[in-house]
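I have placed the structure first, in the form of structure tokens, so that the comments after it can refer back to it.
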Amino acid sequence: MFEAAAELDIAPDMVEELYQGAYDNDEDFAYQLADELGLLPEGYSWPNSYIDWCAATRDLMMDCGESGGYYFRTAY
């Protein structure tokens, strides 16, 4: 995790604060974040099946960085 943070030019003292988790891909990260923020209604496939996850992920990744599957907030 610390090597991934270094690749993203994150200062060692900021790693724990900015770390968002490890995910297989950007879309999994975006979906999990939306779920954690309570933006996805439980038990419904709608509207999840209509959300353009590629576009949502692209916008989210403007403020985040990934290295080796580790995700960090990079806009701070």
| request: Determine, using the 4.5 Å side-chain heavy-atom cutoff (strictly less than), whether Leu37 and Tyr71 are members of one ILVMFWY cluster. | output: yes
Return the minimal non-hydrogen interatomic distance between [X] and [Y], and the atom names on each side.
X     : Y     : value
Val15 : Ala5  : CG2-CB, 3.5 Å
Asp24 : Asp28 : CB-OD2, 3.7 Å
Arg73 : Ile10 : O-CD1, 4.4 Å
Trp53 : Ala34 : CH2-CB, 4.0 Å
Pro12 : Phe2  : O-CE2, 4.3 Å

| request: Among residues two or more places apart or on two chains, list those pairs meeting side-chain hydrogen bond (donor to acceptor under 3.5 Å, both in side chains) that have a residue in residues 2-14. | output: Glu7-Ser67
Supply the atom-to-atom distance [X] [atom1] to [Y] [atom2], rounded to the nearest 0.5 angstrom.
X     : Y     : atom1 : atom2 : value
Gln20 : Thr74 : CD    : OG1   : 10.0 Å
Cys64 : Asp59 : SG    : CG    : 11.5 Å
Gln32 : Glu27 : CD    : CD    : 14.0 Å

| task | Report the C-alpha distance between Met61 and Glu66 in whole Å, list the side-chain angles of each, state the deciding distance to 0.1 Å, and finish with yes or no for side chain to side chain contact (heavy atoms under 4.5 Å, CB included). | result | CA-CA 9 Å; Met61 293 308 293; Glu66 179 273 336; 4.3 Å; yes
| task | Could you tell me whether the side chain of Tyr31 reaches within less than 4.5 Å of the side chain of Leu40, counting heavy atoms only? | result | yes
| said: One pair to check against side chain to side chain contact (heavy atoms under 4.5 Å, CB included): Leu60 and Phe29. What are the steps and the verdict? | reply: CA-CA 9 Å; Leu60 173 64; Phe29 169 58; 3.6 Å; yes
| request: Please list, chain by chain and in numerical order, all residues satisfying side chain to side chain contact (heavy atoms under 4.5 Å, CB included) with Ala75, sequence neighbours excluded. | output: Asp63
